[in-house]
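Heads up, the thing below is written out as structure tokens.
All figures in this text were calculated on a predicted structure; none of them were measured in a lab.
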Amino acid sequence: MIHSLFLINPSGDIFLEKHWKSVVSRSVCDYFFEAQERASEAENVPPIIQTPHHYLLSVYRHGIFFVAVIQTEVPPLFAIEFLHRVVDTFQDYFGSCSEAVIKENVVVVYEVLEEMLDNGFPLATESNILKELIKPPTILRSVVNTITGSSNVGDQLPTGQLSVVPWRRTGVKYTNNEAYFDVIEEIDAIIDKSGCTVTAEIQGVIDACVKLSGMPDLTLSFMNPRLLDDVSFHPCVRFKRWESERILSFIPPDGNFRLLSYHVSAQNLVAIPVYVKHAISFREGSSGGRFEVTLGPKQSMGKTVEGVTLTGQMPKGVLNMTLTPSQGTHVFDPVTKLLSWDVGKINPQKLPNLKGTMILQAGCSKPDENPTLNLHFKIQQLAISGLKVNRLDMYGEKYKPFKGIKYMTKAGKFQVRT
């Protein structure tokens, strides 16, 4: 299965490595570095790289490449999903997953990786099981460990490992019993010059934070479950019940977990919540050009579009830009030719506008094509697919828990062609 794991920062330094079977030389990462040089952005590095004797599978998250080395052929998504689990576990343990945090907690990192894989095969990937095996680091525990020479390794087997519900420990007790669910949707879209949608799809997840005593059995039903396509569940979900009734029935893990992820690819179901009006022109035989962009809400169901930023890679011939925004701040980097406009919230009564002129290199021919604009935004309390939770019920326990559902829509790869 997985022989080795290398953690690589954007500047190409391997700052952590872990080997489960035989030690694989660092030189195997040279193939990865070559692919990294060829890619224009970190996200564009191929997730699977074939070398003469190994396969390199990688994910890029939080500014770090997690590269797994495999010698035999395995289902690629199996290894990629495991790498995502590693990142999620680090985030759960340390609050964030950055190079500095990993270096700071390097002992715990190695202990956790040792438990997650056994001889290269996944063993314990549930966060609450791992926390019983390896205690999360705290300042007090670090001081005690330094004085006594003890480690974070637990002294007994997790109770969940011995039951039919391995993702939940037994004897859980809380004074406040609560279950929160976040429905988060990301829109990936390409909008053409005339404002028509070329392609649009939604990647959605339901993240849960469940802190309930005992062994509760939950059911979650939706107003319109037929919207969900290509659904991937947490192992706790009873799949037969979903197939027959379209109801999620499960005994939840304790704490934070991803209940399901889904995909909505039918074009008619994907509403585009923002429109972009643009007038970008370069004058033939002149050293100037016009630039104007206006943003506005569309199909946002009356919710505020916030956290809006617009970026665009200008043609190489553009020397500088003189722009005036009606709101927010903008930056143009003459070296990288990257324009960035931090808009903030969109007010429907006074639409944000950025306009001005461009200065081109003297004697430079008119650029072949206009720049592509990338848009980032988020909308609170709205699932753009129209997905709505109908009700959440609990069985098996007598108390009444506090329940909460939150919706959020944000932009994934949202491109506007000009």
Side-chain angles (χ1 to χ4, degrees), residues 1-94 96-125 130 134 188 311 313 316 333 335-338 372 374 412-413 415:
M1 183 51 203
I2 296 175
H3 278 250
S4 303
L5 174 68
F6 293 97
L7 269 58
I8 302 171
N9 62 20
S11 55
D13 300 324
I14 300 170
F15 66 90
L16 188 132
E17 59 184 280
K18 172 82 178 105
H19 307 280
W20 283 276
K21 292 189 172 185
S22 53
V23 176
V24 177
S25 168
R26 281 186 171 202
S27 60
V28 77
C29 292
D30 292 347
Y31 295 98
F32 178 80
F33 295 139
E34 284 171 22
Q36 194 181 356
E37 277 174 33
R38 285 196 298 270
S40 55
E41 292 177 18
E43 286 88 353
N44 295 341
V45 176
I48 301 163
I49 298 166
Q50 189 176 2
T51 75
H53 303 291
H54 303 90
Y55 295 99
L56 304 181
L57 289 94
S58 65
V59 299
Y60 178 72
R61 285 180 63 183
H62 307 290
I64 300 171
F65 288 100
F66 291 75
V67 183
V69 181
I70 292 168
Q71 284 187 338
T72 53
E73 202 164 303
V74 298
L77 287 177
F78 189 70
I80 287 170
E81 176 61 27
F82 174 76
L83 291 175
H84 282 297
R85 286 286 178 97
V86 169
V87 182
D88 294 341
T89 303
F90 287 171
Q91 204 164 0
D92 198 25
Y93 258 76
F94 313 126
S96 68
C97 182
S98 64
E99 184 182 349
V101 167
I102 289 171
K103 283 179 174 174
E104 204 177 298
N105 298 284
V106 70
V107 174
V108 179
V109 166
Y110 276 113
E111 287 171 345
V112 168
L113 289 174
E114 196 60 55
E115 294 298 339
M116 290 186 83
L117 275 194
D118 182 29
N119 199 32
F121 290 90
L123 178 67
T125 56
L130 284 165
I134 310 293
D188 295 334
T311 56
Q313 188 70 49
K316 285 181 182 165
D333 188 332
V335 179
T336 60
K337 313 295 182 195
L338 186 71
T372 299
N374 294 305
K413 290 191 173 175
Q415 289 189 343

Do Leu57 and Ile70 touch side chain to side chain, with heavy atoms closer than 4.5 Å?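 The answer is yes, as the side chains (C-beta and beyond) meet within the 4.5 Å cut-off.
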Given side chains that start at C-beta, do those of Thr89 and Leu130 come closer than 4.5 Å, heavy atoms only?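 Side-chain contact under 4.5 Å: yes.
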Mind checking whether Tyr60 and Phe65 have parallel, tilted or perpendicular rings, split at 30° and 60°? tilted
Between Phe90 and Phe66, how do the two ring planes meet: parallel, tilted or perpendicular, split at 30° and 60°?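 Ring orientation of Phe90 relative to Phe66: tilted.
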Should we say atom OH of Tyr110 is surrounded by more than 12 heavy atoms from elsewhere, each under 6.0 Å from it?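 Result for OH/Tyr110: enclosed.
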When you measure from the side chain of [X] to the backbone N and O of [Y], does any donor-acceptor pair fall under 3.5 Å?
X	Y	result
Tyr93	Asn105	no
Asp188	Lys413	yes
Asn9	Asp13	yes

Note: Asp92-Arg85 ion pair, threshold 4.0 Å (strictly below): no
Lys18/Glu114 ion pair, N-O < 4.0 Å: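 Counted as a salt bridge, because a side-chain N and a carboxylate O are separated by less than 4.0 Å.
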Just jot down the salt bridge (Lys or Arg N to Asp or Glu O under 4.0 Å) partners of Glu17, sequence neighbours excluded, or say none. Arg26
Provide the closest heavy-atom pair for Ile64 versus Cys97 in the form atom of the first, atom of the second, distance. CD1-O, 4.0 Å
Could you note down all residue pairs passing side chain to side chain donor-acceptor pair (under 3.5 Å) where residues 65-79 supplies at least one of them, sequence neighbours left out? His3-Gln71, His54-Gln71, Tyr55-Glu73
Give the intermediate values and the outcome of side-chain contact (heavy atoms from CB on, under 4.5 Å) for residues Leu117 and Ile2. CA-CA 8 Å; Leu117 275 194; Ile2 296 175; 3.9 Å; yes
Using the side chain to side chain contact (heavy atoms under 4.5 Å, CB included) criterion, which residues pair with Asn119? Sequence neighbours excluded. Lys21
Please report the C-alpha distance between Ile102 and Leu16 in whole Å, then the side-chain angles of each, then the deciding distance to 0.1 Å, and finally whether the side-chain contact (heavy atoms from CB on, under 4.5 Å) criterion is met. CA-CA 9 Å; Ile102 289 171; Leu16 188 132; 3.9 Å; yes
Side-chain donor-acceptor contact under 3.5 Å, Gln91 with His62: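 Yes, side-chain donor-acceptor contact under 3.5 Å.
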Scan side-chain atoms only and decide if His19 and Ser4 contain a donor-acceptor pair under the 3.5 Å cut-off. yes
